[in-house]
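A quick write-up on the structure given underneath.
Letters A, B, ... are given to chains in the order of the sequence lines, protein chains preceding strands, and every chain is numbered from 1. Bear in mind the structure is a predicted one, so any value in this text is a computation, not a measurement.
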Amino acid sequence: MKTLIIDSYYIAWRELKKYFRQKTRLIMTVVQPFIWLVLMGNMMSGLTSNPYAAQMLGTGNYLTFMTPGIILMTVLFSSIFSGMSIIWDRRIGYLDKLLAAPIRRGAIPFGKMFSAMVQGGIQVIIIIIIATFLGVKFKTGLAGILVILFIAMCFALILGGISLAVAVKIKTPETLMAIVNFFMMPLLFTSNALFPLGVMPGWLKAIAKVNPITYAVEPMRTLAVTGWSTSIFTGIGIILVIDVLVLLWTQWVFKRAVSE
Amino acid sequence: MDKAIVIEGLKKTYSNGTEAVKGVSLAVDYGEVFGFLGPNGAGKSTTIKAAIGLLKPTSGKVYLDSFDIEKYPYEARISKGYASQETSVDDTLTAYENIYLQGKFFHLAPKEIDKRAKEALQMFGLWDRKNDLVESFSGGMRKRLDIASALIHEPKILFLDEPTLGLDIQTRHAIWDYIINLQKNLGITIFLTTHYLEEADKLCDRIAIIDQGEIKAMDKPGILKSNIGGDIITLTFETKKEKTNSFINLIGKMNNIKSANMLKNNVCRIVVEKNGDQIIPIIFSLAQQKDISIGSVRLKRPTLDDVYLNYTGKTIREAESTKEETKKERLMMRRMRKK
């Protein structure tokens, strides 16, 4: 177990070094959520002047309602491409180099997933700072923010794992991008990330209720808008269960793929 | 089992039915440089990958430093270093970070990594560039770094898959010097694959010629060359073919001549047991007597290409071009089917 953790740490260390060295990627990490918050915040701010809409959203500030959605969306957009690293590693022969070393094979997906989780966490912190500057007040304060961060990072782990499990069987980055793009937008728009469940038609609500994004957004929104509530444990519990399942699945898929 | 590498009856059949390796067996002594020579697609990389545990063989056994790689994968992995043909260094890291990570993957202590990284980078002339990002390195420097990082855990055996593939001739020679140095000064057993005849000839104590997944011949390069004969004399006639045939038969019956064959374009290939230079004047005087005109004459010692030709029926260049042509044909067929 100790070896697995140490090996995973150095796999993640490499990924994070690369992340911090790619300046454009770092800048986009800040710029993208900023644009979303400013654009969407301004575009939709008129919505809350309608008392019915404000009641549906649970707040008079649309930006506060939307920040958990933006957090999830940003984490989704970045973590879902984690699999790209394994495709490149295979192409440049680095994956063979890792597999030829005496590291625990499971450390390769673990480390990459951990790196996706940390990268997601960094992005969430940046979004929260920007949102605070734009006037968003988190009802549960710093403690609530930390729980939001925890949920978002757990969600990044799920997406990173799924992306890696898919990528391990794929030979080109283009194929992964096509698969990811096919699922990403429908996943986002069939969740409560941008609109509350209450305003959705019945069929969409039914889909949203089985969409894992909904279960990540729900507790985050409760913490940002409503305050502390025991209802957050349902969402957190579901996300943690999915985390464990994805971890096991990714391990299984990876080990099977590399032992052929 | 006092051998660095033992491969017994290794077979690898891919899921699509391709038999990449059809029962390879060999043993490599400690401190030996062993070469696997063959064209692209002959089964070299598959053999090396199966030998180091990257591919699961369909059948057969591999022992590295006496460890069965299936039963003792950890010990077997520790005993060897590996540099793949893709030059697997990370462009976004510095030279030192690349080698440091490799040390960490072999579970070395930081102090040990520092010491060995310095030695390895100095040995490969990269110490001054240790803090530079690899993206600024030339192809030769990357390859040197790749081999240096494969040595960080001081392995007994080093597997090099096409170590000079795609490098210019000058850089190739420099890499050869490093490989010779590794064997002479550190006593490392080296198993390398190559499709460069000159490389196999220059570096290897022994070579195995592999074609279509099978070993066709295995011995010291000198012995392989001498097995196919001594010198080779190539004559180009200016006289018509009908007249030269009887002349060639006559040469074939002379003492010291192993074979005399007519090739294409009025060219004759004569294999002499020894002292080819002394035979040439005799052939010329005989030609004068028979009123045969010889346009040119060439004497050469047998090369590994001749060995390859002898065992596979084609030169290594022909084997490579045949594969390229097959690929092109398949591509054309696919395009035509789409139309």
Side-chain angles (χ1 to χ4, degrees), chain A residues 1-26 84-112 114-115 119 168-169 171-173 254-260, chain B residues 12 14-15 45 48-49 51-58 64 67 69-70 72-94 97-98 100-108 113 133-135 142-143 146 149-150 152-153 155 157-159 161-162 165:
Chain A
M1 189 67 185
K2 193 183 159 196
T3 320
L4 179 69
I5 293 168
I6 294 171
D7 292 341
S8 304
Y9 169 78
Y10 284 104
I11 298 283
W13 182 87
R14 172 177 168 240
E15 295 298 328
L16 291 168
K17 274 262 175 201
K18 284 155 78 106
Y19 175 69
F20 286 112
R21 289 226 168 102
Q22 291 165 344
K23 291 191 177 66
T24 320
R25 203 169 151 196
L26 270 178
M84 210 66 97
S85 72
I86 219 146
I87 295 175
W88 281 116
D89 279 356
R90 192 191 290 118
R91 277 197 161 187
I92 64 166
Y94 206 93
L95 186 61
D96 278 351
K97 199 173 187 170
L98 290 175
L99 294 171
I103 58 167
R104 296 287 292 271
R105 294 200 163 181
I108 299 169
F110 268 157
K112 286 181 186 283
F114 182 70
S115 155
Q119 288 174 34
V168 90
K169 282 276 181 189
K171 286 191 178 141
T172 65
F254 184 80
K255 282 184 182 170
R256 244 178 77 118
V258 297
S259 63
E260 270 172 10
Chain B
K12 177 67 189 175
Y14 287 106
S15 50
S45 292
I48 216 171
K49 283 185 175 178
I52 61 171
L54 287 179
L55 273 179
K56 202 174 177 180
T58 309
L64 299 181
F67 291 109
I69 65 159
E70 252 185 289
Y72 305 98
Y74 188 88
E75 287 80 358
R77 280 185 211 169
I78 290 279
S79 67
K80 59 102 187 68
Y82 167 62
S84 70
Q85 60 173 276
E86 292 94 350
T87 313
S88 47
V89 287
D90 194 328
D91 274 8
T92 50
L93 302 179
T94 65
E97 284 166 351
N98 263 288
Y100 172 81
L101 261 183
Q102 193 65 10
K104 280 292 168 193
F105 292 145
F106 277 87
H107 307 132
L108 302 177
I113 295 177
L133 289 179
V134 175
E135 63 186 13
R142 280 162 200 249
K143 185 48 87 179
D146 198 18
S149 64
I152 189 72
H153 59 292
I157 309 159
L158 180 63
F159 285 91
D161 194 1
E162 301 270 9
L165 184 72

- Considering only heavy atoms, which portion of A:Arg90 lies under 4.5 Å from any heavy atom of chain B: side chain, backbone, both, or neither? neither
- Regarding B:Glu75 and B:Ser79, is there a side-chain donor-to-acceptor distance under 3.5 Å anywhere? no
- Query: Think A:Arg14 forms a cation-pi with B:Phe105, using NZ or CZ under 6.0 Å from the six-ring centre and within 45 degrees of its axis?
  - Reply: no
- Below 4.5 Å from any heavy atom of chain B, which atoms of A:Ile11 appear? Answer side chain, backbone, both or neither. both
- Task: Mind ranking B:Leu101, B:Ile52, B:Asp91 by heavy-atom pairs under 4.5 Å with chain A and telling me who comes out on top?
- Result: B:Leu101
- Counting heavy-atom pairs under 4.5 angstrom with chain B, the leader among A:Tyr94, A:Tyr9, A:Tyr10 is A:Tyr10
- Side chain from CB out, backbone as N, CA, C, O: work out which of these in B:Thr87 comes under 4.5 Å of a heavy atom of chain A, or both, or neither. backbone
- Query: With a 4.5 Å limit on heavy-atom distance, are the side chains of A:Ser85 and A:Lys18 in contact?
  - Reply: no
- Proximal component of A:Trp88, with respect to chain B [non-hydrogen, under 4.5 Å]: neither
- Message: Heavy-atom pairs under 4.5 Å with chain B - which of A:Ala101, A:Ala100, A:Pro102 has more of them than the others?
- Response: A:Pro102
- Item | Ionic contact status for B:Glu135 with A:Arg21, cut-off 4.0 Å | no
- Message: Rounded to the nearest 0.5 Å, what separates atom CG in B:Asp161 from atom OH in B:Tyr82?
- Response: 5.0 Å
- Task: Decide yes or no for A:Lys17 and B:Asp90: does some side-chain heavy atom of the first lie under 4.5 Å from some side-chain heavy atom of the second?
- Result: no
- Top contributor to chain A contacts, counting heavy-atom pairs under 4.5 Å, from B:Tyr14, B:Tyr74, B:Phe159: B:Tyr74
- Message: Checking side-chain polar atoms at under 3.5 Å, does B:Glu86 have a donor or acceptor matched by the opposite partner on B:Ser88?
- Response: no
- Among A:Asp96, A:Leu99, A:Leu98, which has the most heavy-atom pairs under 4.5 Å with chain B? A:Asp96
- Message: Under a 4.5 Å cutoff for heavy-atom pairs, which residue among B:Gln85, B:Arg77, B:His153 has the most contacts with chain A?
- Response: B:Arg77
